[in-house]
Amino acid sequence: MAAMLSQTPVVQIHISRFCNYRCLHCYSSSGPHQKESLKIPDVLAWTASLFASGYRRVCLSGGEPTLASGFLELANGLSDQGYRVSMITNGSRVQTVLDAMNTGAVQHTSVSFDGPKALHDQIRAKAGAFDRALSTIKTLAQSGLSCGVVPRDSSVIGGV
(Lines give C-alpha, C1' and ligand atoms only; values in the text may rest on other atoms or scores of the structure.)
Protein backbone atom coordinates (compact mmCIF):
# COMPACT_ATOMS: atom_id res chain seq x y z
CA MET A 1 0.00 0.00 0.00
CA ALA A 2 2.82 2.43 0.79
CA ALA A 3 4.02 2.30 -2.83
CA MET A 4 0.67 3.73 -3.94
CA LEU A 5 0.96 6.83 -1.76
CA SER A 6 2.37 9.94 -3.38
CA GLN A 7 5.25 11.81 -1.80
CA THR A 8 4.24 14.92 -3.73
CA PRO A 9 2.04 17.34 -1.79
CA VAL A 10 -1.14 18.39 -3.55
CA VAL A 11 -3.08 21.62 -3.08
CA GLN A 12 -6.76 20.65 -2.92
CA ILE A 13 -9.05 23.51 -3.99
CA HIS A 14 -12.80 23.30 -3.51
CA ILE A 15 -13.70 26.06 -5.97
CA SER A 16 -17.36 26.17 -5.04
CA ARG A 17 -20.08 24.21 -3.30
CA PHE A 18 -22.27 24.61 -6.38
CA CYS A 19 -23.25 21.19 -7.73
CA ASN A 20 -25.94 19.82 -9.99
CA TYR A 21 -26.39 16.76 -7.73
CA ARG A 22 -27.34 16.35 -4.06
CA CYS A 23 -25.26 13.32 -3.11
CA LEU A 24 -26.24 11.60 0.10
CA HIS A 25 -22.62 11.33 1.26
CA CYS A 26 -21.56 14.92 0.46
CA TYR A 27 -19.33 16.22 3.25
CA SER A 28 -19.28 19.82 1.95
CA SER A 29 -23.05 20.41 1.86
CA SER A 30 -22.78 21.10 -1.87
CA GLY A 31 -25.86 21.34 -4.04
CA PRO A 32 -27.81 23.24 -6.68
CA HIS A 33 -28.51 26.21 -4.39
CA GLN A 34 -24.89 26.81 -3.30
CA LYS A 35 -23.91 29.19 -6.10
CA GLU A 36 -21.05 31.12 -4.49
CA SER A 37 -17.49 30.46 -5.70
CA LEU A 38 -14.05 31.47 -4.53
CA LYS A 39 -12.69 34.64 -6.12
CA ILE A 40 -10.25 33.58 -8.84
CA PRO A 41 -7.70 36.41 -8.28
CA ASP A 42 -7.56 35.50 -4.56
CA VAL A 43 -7.03 31.80 -5.31
CA LEU A 44 -4.30 32.57 -7.84
CA ALA A 45 -2.54 34.82 -5.31
CA TRP A 46 -2.61 32.02 -2.72
CA THR A 47 -1.42 29.41 -5.19
CA ALA A 48 1.42 31.64 -6.40
CA SER A 49 2.62 31.78 -2.80
CA LEU A 50 2.28 28.00 -2.45
CA PHE A 51 4.17 27.44 -5.70
CA ALA A 52 7.02 29.54 -4.32
CA SER A 53 7.00 27.19 -1.31
CA GLY A 54 7.45 24.13 -3.51
CA TYR A 55 3.95 22.92 -4.35
CA ARG A 56 3.56 21.70 -7.94
CA ARG A 57 0.21 19.88 -8.06
CA VAL A 58 -3.34 21.15 -7.67
CA CYS A 59 -6.58 19.17 -7.62
CA LEU A 60 -9.82 21.04 -8.27
CA SER A 61 -13.06 19.79 -6.78
CA GLY A 62 -16.12 21.20 -5.15
CA GLY A 63 -19.15 20.93 -5.49
CA GLU A 64 -18.86 20.18 -9.19
CA PRO A 65 -15.79 22.14 -10.32
CA THR A 66 -16.95 22.51 -13.92
CA LEU A 67 -19.98 24.50 -12.71
CA ALA A 68 -17.95 27.01 -10.70
CA SER A 69 -17.84 30.57 -11.93
CA GLY A 70 -14.39 31.05 -13.45
CA PHE A 71 -13.50 27.35 -13.62
CA LEU A 72 -11.56 27.57 -16.90
CA GLU A 73 -9.97 30.88 -15.89
CA LEU A 74 -8.71 29.27 -12.68
CA ALA A 75 -7.49 26.08 -14.38
CA ASN A 76 -5.64 28.14 -17.02
CA GLY A 77 -4.17 30.43 -14.37
CA LEU A 78 -2.90 27.49 -12.32
CA SER A 79 -1.41 25.89 -15.41
CA ASP A 80 0.26 29.20 -16.28
CA GLN A 81 1.77 29.29 -12.77
CA GLY A 82 3.41 25.92 -13.51
CA TYR A 83 1.07 23.57 -11.67
CA ARG A 84 0.04 20.14 -12.89
CA VAL A 85 -3.75 20.53 -12.60
CA SER A 86 -6.13 17.66 -12.01
CA MET A 87 -9.77 17.59 -11.06
CA ILE A 88 -12.40 15.33 -9.58
CA THR A 89 -15.79 15.54 -11.28
CA ASN A 90 -19.15 13.80 -11.16
CA GLY A 91 -18.85 13.40 -14.93
CA SER A 92 -22.03 15.24 -15.81
CA ARG A 93 -20.40 17.86 -18.07
CA VAL A 94 -18.23 16.02 -20.55
CA GLN A 95 -17.78 18.91 -22.99
CA THR A 96 -16.47 21.27 -20.30
CA VAL A 97 -14.06 18.57 -19.14
CA LEU A 98 -12.89 17.96 -22.72
CA ASP A 99 -12.43 21.70 -23.29
CA ALA A 100 -10.33 22.06 -20.14
CA MET A 101 -8.18 19.06 -21.02
CA ASN A 102 -7.78 19.76 -24.73
CA THR A 103 -6.53 23.28 -24.02
CA GLY A 104 -4.03 21.91 -21.49
CA ALA A 105 -5.58 23.74 -18.55
CA VAL A 106 -6.30 20.40 -16.83
CA GLN A 107 -3.90 17.49 -17.26
CA HIS A 108 -5.83 14.71 -15.48
CA THR A 109 -9.49 14.10 -14.63
CA SER A 110 -10.95 11.57 -12.21
CA VAL A 111 -14.63 10.68 -12.27
CA SER A 112 -16.36 9.58 -9.05
CA PHE A 113 -18.39 6.38 -8.92
CA ASP A 114 -20.48 5.19 -5.98
CA GLY A 115 -21.34 1.68 -7.10
CA PRO A 116 -23.41 -0.14 -9.68
CA LYS A 117 -25.84 1.95 -11.74
CA ALA A 118 -28.91 1.82 -9.46
CA LEU A 119 -26.90 2.52 -6.30
CA HIS A 120 -24.88 5.30 -7.95
CA ASP A 121 -28.03 7.05 -9.20
CA GLN A 122 -29.68 6.66 -5.79
CA ILE A 123 -26.68 8.10 -3.91
CA ARG A 124 -26.38 10.96 -6.42
CA ALA A 125 -30.14 11.54 -6.24
CA LYS A 126 -30.16 11.84 -10.02
CA ALA A 127 -31.47 9.34 -12.55
CA GLY A 128 -28.93 8.81 -15.34
CA ALA A 129 -25.95 10.01 -13.27
CA PHE A 130 -24.13 6.68 -13.66
CA ASP A 131 -24.60 6.65 -17.45
CA ARG A 132 -23.32 10.24 -17.75
CA ALA A 133 -20.27 9.49 -15.59
CA LEU A 134 -19.51 6.31 -17.52
CA SER A 135 -19.90 8.13 -20.84
CA THR A 136 -17.49 10.84 -19.65
CA ILE A 137 -14.77 8.39 -18.58
CA LYS A 138 -15.14 6.45 -21.86
CA THR A 139 -14.94 9.66 -23.91
CA LEU A 140 -11.81 10.80 -22.07
CA ALA A 141 -10.14 7.40 -22.43
CA GLN A 142 -11.04 7.11 -26.13
CA SER A 143 -9.64 10.60 -26.67
CA GLY A 144 -6.31 9.51 -25.18
CA LEU A 145 -6.64 11.94 -22.27
CA SER A 146 -5.34 11.14 -18.79
CA CYS A 147 -8.26 9.97 -16.67
CA GLY A 148 -9.19 7.71 -13.80
CA VAL A 149 -11.96 6.62 -11.50
CA VAL A 150 -12.49 7.56 -7.87
CA PRO A 151 -14.48 4.64 -6.45
CA ARG A 152 -16.49 4.98 -3.26
CA ASP A 153 -15.00 1.61 -2.31
CA SER A 154 -13.02 -1.09 -4.12
CA SER A 155 -16.17 -3.04 -5.07
CA VAL A 156 -17.16 -0.23 -7.42
CA ILE A 157 -14.39 -0.96 -9.92
CA GLY A 158 -16.14 -4.11 -11.18
CA GLY A 159 -19.28 -2.11 -12.00
CA VAL A 160 -17.38 0.41 -14.11
Side-chain angles (χ1 to χ4, degrees), residues 6 8 10-23 25-26 28 30-44 47-48 51 55-152 156-160:
S6 171
T8 306
V10 178
V11 179
Q12 183 75 33
I13 301 174
H14 297 259
I15 308 170
S16 170
R17 294 185 323 161
F18 183 35
C19 188
N20 50 342
Y21 295 165
R22 295 212 36 95
C23 302
H25 59 68
C26 185
S28 67
S30 296
H33 304 294
Q34 305 296 333
K35 304 257 177 161
E36 72 281 349
S37 296
L38 296 175
K39 291 181 174 73
I40 304 308
D42 292 344
V43 175
L44 291 173
T47 56
F51 192 87
Y55 287 86
R56 298 294 181 262
R57 293 177 181 238
V58 170
C59 182
L60 303 175
S61 61
E64 170 53 36
T66 62
L67 290 171
S69 175
F71 162 71
L72 285 173
E73 176 189 354
L74 177 60
N76 280 311
L78 292 166
S79 232
D80 290 347
Q81 287 180 343
Y83 281 101
R84 182 178 193 284
V85 181
S86 63
M87 74 171 163
I88 300 172
T89 177
N90 63 25
S92 64
R93 296 173 42 90
V94 66
Q95 191 56 56
T96 304
V97 174
L98 283 170
D99 291 347
M101 295 191 77
N102 284 326
T103 63
V106 173
Q107 291 80 44
H108 178 84
T109 296
S110 294
V111 180
S112 299
F113 283 90
D114 296 317
K117 183 176 180 172
L119 178 61
H120 181 88
D121 286 1
Q122 177 186 2
I123 289 172
R124 299 284 165 155
K126 184 74 92 176
F130 181 90
D131 290 337
R132 281 188 289 284
L134 187 59
S135 176
T136 294
I137 201 74
K138 283 180 178 179
T139 299
L140 295 174
Q142 290 167 352
S143 299
L145 297 168
S146 178
C147 59
V149 171
V150 178
R152 186 159 182 233
V156 171
I157 298 298
V160 179

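Please read these numbers as outputs of a predicted model, since none were measured by experiment.
Expressed to the nearest 0.5 Å, how far CE of Met101 lies from OG1 of Thr109 amounts to 4.0 Å. To the nearest 0.5 Å, atoms CZ (Arg124) and CG (Asn90) are separated by 6.0 Å. If you take CG on Leu74 and CD1 on Ile40, they are separated by 4.5 Å, rounding to the nearest 0.5 Å. One distance of note links CD of Gln142 with CD1 of Ile137; it measures 11.0 Å at 0.5 Å rounding. With rounding to the nearest 0.5 angstrom, the CD atom of Gln107 is 10.5 Å from the CE atom of Met87. Atom CG of Leu98 sits about 6.5 Å away from atom CG of Leu145, to the nearest 0.5 Å.
Across all non-hydrogen atoms, the minimal contact from Leu119 to Asp114 is CD2-O, 3.7 Å. Taking both residues in full, the closest heavy atoms of Tyr55 and Tyr83 are given as O-CE2, 3.6 Å, listed atom of the first, atom of the second, then distance. Residues Ser112 and His120 approach most closely at O-CE1, 3.5 Å, considering heavy atoms. Nearest heavy atom pair, residue Val150 against residue Ser110, reads CG2-CB, 3.5 Å. When all heavy atoms are compared, the tightest approach of Gly62 to His14 is O-ND1, 3.3 Å. Heavy-atom minimum distance, Val85 versus Ala105: CB-O, 3.4 Å.
Inter-residue side-chain proximity for Cys59 and Ile88 is flagged as met; some heavy-atom pair is nearer than 4.5 Å. A heavy-atom distance below 4.5 Å is found between the side chains of Phe71 and Val106. Within the 4.5 Å cutoff, the side chain of Ile13 has heavy atoms near those of the Thr47 side chain. Side chains of Leu78 and Leu60 form a contact here, defined as non-hydrogen atoms less than 4.5 Å apart.
No donor-acceptor pair under 3.5 Å is formed between the side chain of Ser135 and the backbone N or O of Asp131. A donor-acceptor pair is defined here as one N or O able to donate and one able to accept, closer than 3.5 Å; no such pair exists between the side chain of Ser16 and the backbone of Leu67.
Between the side chains of Ser86 and His108, no donor N or O sits under 3.5 Å from an acceptor N or O. Ser92 and Glu64 are not linked by any side-chain donor-acceptor pair at a separation below 3.5 angstrom, with hydrogens and angles left out of the test.
More than 12 heavy atoms of other shown residues, nucleotides or ligands fall within 6.0 angstrom of atom CZ in Phe51.
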